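Take a look at this one; I'll ask things after.
The analysis underlying the following values was restricted to heavy atoms, covering all of them including side chains, and did not include hydrogens, waters or symmetry mates. Keep in mind it's a predicted model, so treat the numbers as computed, not measured. Positions are given from 1, in the same order as the sequence printed here.
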Amino acid sequence: MPSNIENYVFVGKMGFANLKIVIQLLKAINFKEIAIVGLGKENGLKITVEDAKCMQGAAYIPSSVFDEYDLKEDVIFSLSLSILVDCLCMLRSHEDSATLQIFYQGTGYPLSIIIEEDSVITDCSLRTLEVETMLDFHFKPEDVVNKVVLQTELLKDVMGELDSTSEVVELCLSPEKPYFRISTEGLGGVCHIDLPHNSDLIGTFQCTLTATSIFKLMHIKPAMKALSCSKKVSLRTNKAGLLCFQYLIETENGQTCYIEYYISPLLEIED
C-alpha cells in the first residue's frame, strides 16, 4: 500500500469471489483496446468501449461489490482494457484470502493495482490516458418501443443457427406475426428464425409497433460474449432502431452487476 494514501482520489479493495465476476465482465467487453473508466460515488465503476461510433459496450460494477470503496470525487480516465484484463488474470489462486487493491491518485497519474495471494504480492502500474469523446447511446425508458426479456440459453441456440457467411442480421419485433424473427442471408440463402413469443424461455414480450432493423453480424457477435455470464438478457429497441442487449450478472454475495451493448442499425425498414 502506498505510504501517502491520503493523497489518493480513489482506494478500492475487492475479495477473490467478486473479482472473478469482474474479470468475466471485463472480458465480455474487451473488443476494443482503449476503454473509458468512470468512478462515481453513486454509480460505482463503469468501464466503456466503443467501436467506430456504431457499437458500444459497458460494464457496470456497483460500489457494493468492493469490500472497500473510498472515492473523494467522481473521476474519469482512459486506459488499455486488454492490459487491465491481463493484470487481473495474474490472480491464479483459488483461495478466498486472495485480494485486489486499486489506487488512483488523480489526472495524469497511473492506475495502481496490487494483487496479494499466498503472501505473494504482484504490483502493476497502468498508464492512464486523456478521455476521448464517446457517443451517448443511452435511451430513456419512454423511448423504448420494443422489449424482450429471454433466457440466455435461447439466444445462444439462435446464434448458433445463424449463417456465419451472412454479413448482416435482420431483427424484426412486432405485436403481431411474425412477432420475433431473426434473419440472415448468406451463401446458404435466406434463413428466418422465428422465436415463440409466448415461450417459457421468454419472460417479457412487450412490443408496441412493428420494427425491422438491420445490423452488421460483426457487431452482434461481441454482444454475445456475455451469454456465459448471465441467465437472462433483455433486448430493447427505440424509434431510431438502436438495439440494446442488457445482461444482469449476480455475484456470490447477491450484488447485481450488468453489461450493456448498444448497436446502431445499418438501416431501418418501414412497413
(request) Taking all non-hydrogen atoms of both residues into account, name the closest pair between F215 and G241 and its distance. (result) CZ-O, 3.4 Å
(request) With sequence neighbours left out, write down each residue that passes side-chain hydrogen bond (donor to acceptor under 3.5 Å, both in side chains) with T251, or none if nothing qualifies. (result)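 Q255.
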(message) Would you compute the distance between atom CG of L173 and atom CG of L243 and round it to the nearest 0.5 angstrom?
(response)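 One gets 8.5 Å once the value is rounded to the nearest 0.5 Å.
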(message) Are there over 12 heavy-atom neighbours, none belonging to K225, within less than 6.0 Å of that residue's NZ?
(response) yes
(message) Rounded at 0.5 Å granularity, tell me how far CD in E161 sits from CD1 in I182.
(response)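 So the gap between those two atoms works out to 10.0 Å.
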(request) Tell me whether V9 is reachable from I36 by hopping between hydrophobic residues (I, L, V, M, F, W, Y) whose side-chain heavy atoms are closer than 4.5 Å. (result)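 I36 and V9: separate clusters.
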(message) Using a 3.5 Å distance criterion without hydrogens, assess whether the side chain of Y261 forms a donor-acceptor pair with backbone atoms of I220.
(response) no
(request) State the CZ-CD distance between F66 and Q101, to the nearest 0.5 angstrom. (result)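 If we round to the nearest 0.5 Å, F66:CZ and Q101:CD are 12.0 Å apart.
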(message) With rounding to the nearest 0.5 angstrom, report the CD to CZ distance, E117 to F16.
(response)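 Here the interatomic distance stands at 8.5 Å.
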(message) Would the distance check show the side chain of D74 and the main-chain N or O of K41 forming a donor-acceptor pair, the cut-off being under 3.5 Å?
(response) yes
(message) Suppose clustering is done on Ile, Leu, Val, Met, Phe, Trp and Tyr with side-chain heavy atoms closer than 4.5 Å. Which residues sit in the same group as L209?
(response)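 Its cluster partners, ordered by chain and number, are V145.
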(request) Would you give the length of the straight line joining atom CG of N18 to atom CD1 of I23, rounded to the nearest 0.5 angstrom? (result) 11.5 Å
(request) Output every pair passing salt bridge (Lys or Arg N to Asp or Glu O under 4.0 Å) with a member in residues 190-199, not counting sequence neighbours, ordered by first then second residue. (result)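 Those involving residues 190-199 are R181-D194.
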(request) Nearest 0.5 Å please: distance from the CG atom of L25 over to the CD1 atom of I249. (result)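 One finds 5.0 Å between CG of L25 and CD1 of I249.
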(request) Could you check I29 against I47 for side-chain contact (heavy atoms from CB on, under 4.5 Å), going step by step and ending with a plain yes or no? (result) CA-CA 9 Å; I29 63 167; I47 299 181; 4.0 Å; yes
Can you give each donor-acceptor pair under 3.5 Å made by side-chain atoms of residues 148-158, sequence neighbours left out, with the distance rounded to 0.1 Å?
{"from": "T152", "atom 1": "OG1", "to": "S230", "atom 2": "O", "distance (Å)": "2.8"}
{"from": "T152", "atom 1": "OG1", "to": "K231", "atom 2": "O", "distance (Å)": "3.3"}

(request) Give a yes or no on whether the backbone of V11 and the side-chain of D70 come within a donor-acceptor separation of less than 3.5 Å. (result)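 Not confirmed, D70 side chain does not pair with V11 backbone.
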(request) Could you check if a side-chain atom of C244 sits within less than 4.5 angstrom of a side-chain atom of T237, using non-hydrogen atoms only? (result) no
(message) How about CE on M134, more than 12 heavy atoms from neighbouring residues, nucleotides or ligands closer than 6.0 Å, or not?
(response) yes
(request) Write out all pairs satisfying salt bridge (Lys or Arg N to Asp or Glu O under 4.0 Å) with one or both partners inside residues 49-58, taking only residues at least two apart or from two chains. (result) K32-D51, E50-K53
(request) Could you check if a side-chain atom of N43 sits within less than 4.5 angstrom of a side-chain atom of Y60, using non-hydrogen atoms only? (result)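 Side chain of N43 against side chain of Y60, heavy atoms only: no contact under 4.5 Å found.
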(message) If I compare all heavy atoms of D163 with all of G186, which pair ends up nearest, and what's the gap?
(response)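 Here D163 and G186 meet closest at OD2-CA, 3.4 Å.
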(message) Testing the basics here: between G40 and L71, what is the closest heavy-atom pair and its distance to 0.1 Å?
(response)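 Where G40 meets L71 most closely, the heavy atoms are C-CD2, 3.4 Å.
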(request) Report the residues that fulfil side-chain hydrogen bond (donor to acceptor under 3.5 Å, both in side chains) with N7, sequence neighbours left out, ordered by chain and then residue number. (result) none
(message) Check whether N146 reaches the backbone of N238 with its side chain - one donor and one acceptor, N or O, closer than 3.5 Å.
(response)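 Here the side-chain-to-backbone pair does not exist.
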(message) Are F205 and L248 connected into the same hydrophobic cluster when the rule is that any two of I, L, V, M, F, W, Y join if their side-chain heavy atoms are below 4.5 Å apart?
(response) no
Atom pairs and distances, donor-acceptor, side-chain atoms in residues 77-91, under 3.5 Å, two or more places apart:
{"from": "S80", "atom 1": "OG", "to": "E33", "atom 2": "OE2", "distance (Å)": "2.3"}
{"from": "S80", "atom 1": "OG", "to": "S82", "atom 2": "OG", "distance (Å)": "3.3"}
{"from": "S80", "atom 1": "OG", "to": "I83", "atom 2": "N", "distance (Å)": "3.3"}
{"from": "S82", "atom 1": "OG", "to": "E33", "atom 2": "OE1", "distance (Å)": "2.9"}
{"from": "S82", "atom 1": "OG", "to": "E33", "atom 2": "OE2", "distance (Å)": "3.1"}

(request) State, yes or no, whether a side-chain contact exists between Y179 and S174 at a heavy-atom distance under 4.5 Å. (result)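 A side-chain contact is absent here, since even the closest heavy-atom pair is not under 4.5 Å.
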(request) Kindly work out whether a path of hydrophobic side-chain contacts (I/L/V/M/F/W/Y, heavy atoms less than 4.5 Å apart) joins L111 to F10. (result) yes
(message) Taking side chain to side chain contact (heavy atoms under 4.5 Å, CB included) as the definition, give me every residue that meets it alongside Q206, ordered by chain and number, with sequence neighbours left out.
(response) K147, T204
(message) Please determine whether the number of non-hydrogen atoms from other residues, nucleotides or ligands lying under 6.0 Å from atom CG of D200 exceeds 12.
(response) no
(message) So, using side chain to side chain contact (heavy atoms under 4.5 Å, CB included) as the criterion, who are the partners of V168 when residues are at least two apart?
(response)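 Partners of V168 by the side chain to side chain contact (heavy atoms under 4.5 Å, CB included) criterion, ordered by chain and then number, come out as S166, I214, L266.
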Under 3.5 Å, which donor-acceptor pairs link side chains of residues 122-132 to any protein atom two or more places apart or in another chain?
{"from": "T128", "atom 1": "OG1", "to": "Y109", "atom 2": "O", "distance (Å)": "2.7"}

(message) If hydrophobic clusters are built by linking Ile, Leu, Val, Met, Phe, Trp and Tyr wherever their side-chain heavy atoms come under 4.5 Å apart, do I121 and F103 end up in the same one?
(response)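 In one cluster: yes.
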(request) Check whether any side-chain heavy atom of S183 sits under 4.5 Å from a side-chain heavy atom of E185, and report yes or no. (result)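 A side-chain contact is absent here, since even the closest heavy-atom pair is not under 4.5 Å.
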(message) For a quick test of reading the model, state the closest non-hydrogen atom pair linking C172 to T212 and the distance between them.
(response)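 Nearest heavy atoms, C172 then T212: SG-OG1, 3.6 Å.
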(message) Looking at every heavy atom in both F31 and G57, which two are closest together, and how far apart are they?
(response) CZ-N, 3.8 Å
(request) Determine, step by step, whether K20 and E252 satisfy the side-chain contact (heavy atoms from CB on, under 4.5 Å) criterion, reporting the C-alpha distance in whole Å, the side-chain angles of both residues, the deciding distance to 0.1 Å, and the verdict. (result) CA-CA 10 Å; K20 289 190 300 181; E252 294 182 3; 3.5 Å; yes
(request) Measure the shortest side-chain to side-chain distance between Q246 and Y262 over non-hydrogen atoms and say whether it is less than 4.5 angstrom. (result)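 They are not in side-chain contact.
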(request) Given side-chain contact (heavy atoms from CB on, under 4.5 Å), test D143 with K239 step by step and report yes or no. (result) CA-CA 7 Å; D143 295 331; K239 294 179 181 178; over 6 Å; no
(request) Decide yes or no for P175 and T208: does some side-chain heavy atom of the first lie under 4.5 Å from some side-chain heavy atom of the second? (result)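 No, side chains not in contact.
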(request) Say whether, by atom type as modelled, one donor and one acceptor occur between the side chain of Y104 and the main chain of G106 under 3.5 angstrom. (result)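 Checking the backbone N and O of G106 against the side chain of Y104, a donor-acceptor pair under 3.5 Å is found.
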(request) Decide yes or no for C257 and V65: does some side-chain heavy atom of the first lie under 4.5 Å from some side-chain heavy atom of the second? (result) yes
(message) Looking at every heavy atom in both Q56 and T48, which two are closest together, and how far apart are they?
(response)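 That closest heavy-atom pairing would be CG-CG2, 3.6 Å.
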(request) Could you pull out all residues at least two apart from Q105 that satisfy side-chain hydrogen bond (donor to acceptor under 3.5 Å, both in side chains)? (result)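 None.
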(request) Give every residue pair that meets the salt bridge (Lys or Arg N to Asp or Glu O under 4.0 Å) criterion with at least one member in residues 9-19, sequence neighbours excluded. (result) none
(request) Would you kindly confirm whether L201 and Y247 end up in one hydrophobic cluster when ILVMFWY residues are joined by side chain heavy atoms under 4.5 Å apart? (result)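 Per the 4.5 Å side-chain linkage, L201 and Y247 are co-clustered.
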(request) Answer yes if the side chains of E260 and Y258 hold a donor-acceptor pair under 3.5 Å, and no otherwise. (result) no
